[in-house]
Amino acid sequence: MTTDQRARSIGVHLVLIAYSLLAVGPILLVVMNSFKVRSAIFGSPLALPDASTFSLVGYEKVFRSSHILTYYSNSLIVTLVSMALVLLFGAMAAWALTEYRFRGSTALALFLSIGIMVPIRLGSVAILNMMRSAGLNDTLTALILVYVAQGLPMSIFILSEFIQQIPKDLRDAARCDGVPETRIFFEVVAPLLRPAIATVAVFTIVPIWNDLWFPLILTSSDSTHTVTLGVQQFLGQYITDWNSVLAALSMAILPVVVIYVILSRQLIAGLTSGAVK
Amino acid sequence: MANLRIEQLNKRYGATTVLNNVNLSIEDGEFVVLVGPSGCGKSTLLRMIAGLDGASGGDIHIAGKLVNALAPAERGIAMVFQSYALYPHMNVRKNMTFGLKFTGVPPTERERRVAEAARMLRLEELLERYPRDLSGGQRQRVAIGRAIVREPAVFLFDEPLSNLDAALRVSTRVEIANLHRLLKSTIVYVTHDQVEAMTLADRIVVMNKGRIEQVGKPLDLYYEPANLFVAGFIGSPAMNFFEAEVEGIEGGRARVAGTAFRNLDIPAGSLKVGDALTVGVRPEHLVRGEAGFFAAEGVVELVERLGEASFAYLRRVDGRMFVAEVRGRQTPAPGETMTLVAASPDVHVFDASGLRVAT
Ligand SMILES: Nc1ncnc2c1ncn2[C@@H]1O[C@H](COP(=O)(O)OP(=O)(O)O)[C@@H](O)[C@H]1O
Ligand SMILES: [Mg+2]
């Protein structure tokens, strides 16, 4: 490595480190402060909790005064079910649109790409009316349906790109082998899409888990609230219970971090594949 | 094992015709090689036999049965792809058995077939490996193994050796020939490499621009090409061509004259005075001499030494080049003028439409 290259690489790393701090900083701040007493949160927000400032009061209150476990399980159900459906239908639709030429396939692909460009929130009122008349108001099903609709176009778009990179000879070989079309999809194509599926999974999960808007308009009872909505009850108009807010937020962050760590290796493979090669 | 009959087969993509009225009959157990320049429709024909592409017109019969409407797996074929197309996420054993699951082969039978194919192709040690851990030649053998375990009536190969290096290509070629001897099955083999075609084939099908130019035994194509295209395609370096004209007809013989060679006589047949002809002679049939049935002069410009033979590139009087093979250690020097002659059986004459004229 020449000195010039070394200087360049140090420069790049400085930028990356700065960006990482910027991204991770607020999360660390939230988690750190969730373990401190109220006075310490405001007194020295940047300090780590020590013996005198350490407190679990936020977590106690969250567990005592709210239905946090219900919210949690609601969020998990909604996120995971939506993700599973987005991945399943997304991959199947992407396969159909790239593999088969049928009447209206181009129109269908165009229609789906409109879904990427138009934010689903523009249809909030219509969605609310629709869910009401379908009797799905205040159910997790309503949320799942909306999120599947929200996630599908992008996932079809990304997965189509990846499917096009799978050599056509593979599917022809499978056809000569007598493998039925559905099995070609599930046993030959899908396993090769793993990195892409991990990428789409993360891009699907994060906005769903963090979404406040649709739980706010589509759910009204404690039994259907999600974590993000649940946290709001600690944010009062006059007093905000910061201990509880930070504790609940810390808990809300945790699953996303865990999923990201699990999927990150696949994710990086997915993001960079195709770029090289 | 089965014969294969292709009748009036056509394939069009929109306005472009990829296959034009292809008729071909292949005997049971025959090794037929489709050869032709890249883009001439060889793969398309093979894929249509396999059932991967539909026909725009015409019929395909395998073992006497019309298979136009049958799916690939129902046709009793197995295909080996140029890219090998091994399933990357399955090990060698799984690659070979995967297809058998769906065609109702019981597990014990699957194991027996895999064991046998592995023995035949020396894959026993590799059965648990994944394709990414195999060399090119090993992948190729796995791809062939996957075809063998299906026990197909017809094997289809699409340029199976073109991704291998030269040495491996030769040894795999020999292996494929041995395999055919062992299995005695019908094989349709696509290549653009004429050496592969000559060495492997019982019969060669030469294709050009979606048409079959000639079908015949390798040496028949070499010694009696039916037209200009086949004459120029088979043989390396390619046949030399000399423009010519019928100058006169006397006593049933036509006098053929050209600027770059001495006049020669051929049976007149239906030739008329003034007909344009092309005279072709292979480089390896030209020898140094003074007079012969055919004789041409040239000035040596370049000599390529290959060892067992050398190729002299000569400038003819009409300014174009021709090639002559020179045997032995003494090669002509650039600048030297040479007279090269050829015997009558080695001289090919073609008429204006490119068809062979009897000599
Ligand atoms: N799906 C397709 N659409 C349009 N043209 C095609 C298609 N597939 C092949 N062709 C054309 O058909 C011709 C023959 O192709 P191919 O059979 O692959 O040739 P080769 O003899 O090299 O195997 C080529 O000119 C190619 O461009
Ligand atoms: Mg080809």
Side-chain angles (χ1 to χ4, degrees), chain A residues 87-88 91-92 94-96 98-103 105-106 159 161-201 263 265-270 272-277, chain B residues 13 43-44 46-54 70-90 94-105 110 130-132 139 142-160 163:
Chain A
L87 291 179
L88 179 69
M92 283 165 66
W95 171 248
T98 46
E99 181 60 23
Y100 307 117
R101 295 273 117 221
F102 51 91
R103 194 177 279 275
S105 60
T106 321
L159 291 171
E161 291 297 308
F162 277 88
I163 286 176
Q164 272 162 13
Q165 289 173 17
I166 296 180
K168 296 248 181 275
D169 279 354
L170 271 184
R171 127 220 110 164
D172 285 339
R175 278 185 196 148
C176 288
D177 269 352
V179 186
E181 293 293 312
T182 44
R183 305 290 286 267
I184 292 180
F185 173 74
F186 282 109
E187 292 180 40
V188 178
V189 176
L192 299 178
L193 284 178
R194 273 225 328 255
I197 285 177
T199 310
V200 174
L263 294 180
R265 274 191 50 183
Q266 297 273 357
L267 176 70
I268 288 162
T272 54
S273 79
V276 289
K277 194 160 73 169
Chain B
Y13 286 109
S43 298
T44 307
L46 203 68
R47 292 172 56 83
M48 286 166 76
I49 298 173
L52 293 168
D53 285 341
L70 295 186
E74 299 164 333
R75 297 186 175 202
I77 53 98
M79 186 148 169
V80 176
F81 294 82
Q82 180 178 356
S83 63
Y84 315 140
L86 301 179
Y87 309 119
H89 55 296
M90 299 180 193
K94 189 89 194 300
N95 258 286
M96 294 207 262
T97 51
F98 182 57
L100 299 179
K101 276 200 303 193
F102 303 100
T103 37
V105 180
R110 284 180 223 160
Y130 283 85
R132 60 176 174 274
R139 283 180 206 177
V142 176
I144 295 176
R146 186 173 65 181
I148 289 178
V149 295
R150 301 203 57 226
E151 301 191 341
V154 180
F155 281 95
L156 307 173
F157 288 85
D158 192 355
E159 309 217 7
N163 286 344

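Labels below follow one simple rule: chain letters A, B, ... track the order of the sequence lines, proteins then strands, and each chain is numbered from 1.
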Looking only at B:M90, B:K101, B:H89, B:R75, most heavy-atom pairs under 4.5 Å shared with chain A are made by B:H89

Separation between CE (B:M79) and CZ (A:R175), nearest 0.5 Å, reads 12.5 Å

If one checks every heavy atom of A:R171 against chain B at 4.5 Å, the contacting part turns out to be side chain

Rounded to the nearest 0.5 angstrom, the NZ-CZ distance for A:K168 and B:F81 is 13.0 Å

Cut-off 4.5 Å, heavy atoms of chain A, and the answer for B:T103 is side chain

Between B:A73 and A:G178 the two heavy atoms that sit nearest each other are CB-CA, 3.1 Å

For A:L170 and B:P88 the tightest heavy-atom approach is CD1-CD, 3.9 Å

Whatever's closer than 4.5 Å to a heavy atom in chain B on A:L192 counts as side chain

When the 4.5 angstrom heavy-atom criterion is applied to B:L156 and chain A, the contacting part is neither

(request) Look at the side chain of B:R150 and the backbone N and O of A:C176, then say whether any donor-acceptor pair between them is shorter than 3.5 Å. (result) yes

Applying a strict 4.5 Å limit to non-hydrogen atoms, the region of B:R47 in contact with chain A is side chain

Per side chain to side chain contact (heavy atoms under 4.5 Å, CB included), A:D172 is matched among B:D158, B:D53, B:L52 by B:L52

- Query: Do the side chains of A:D177 and B:F102 get nearer than 4.5 Å, heavy atoms only?
  - Reply: no

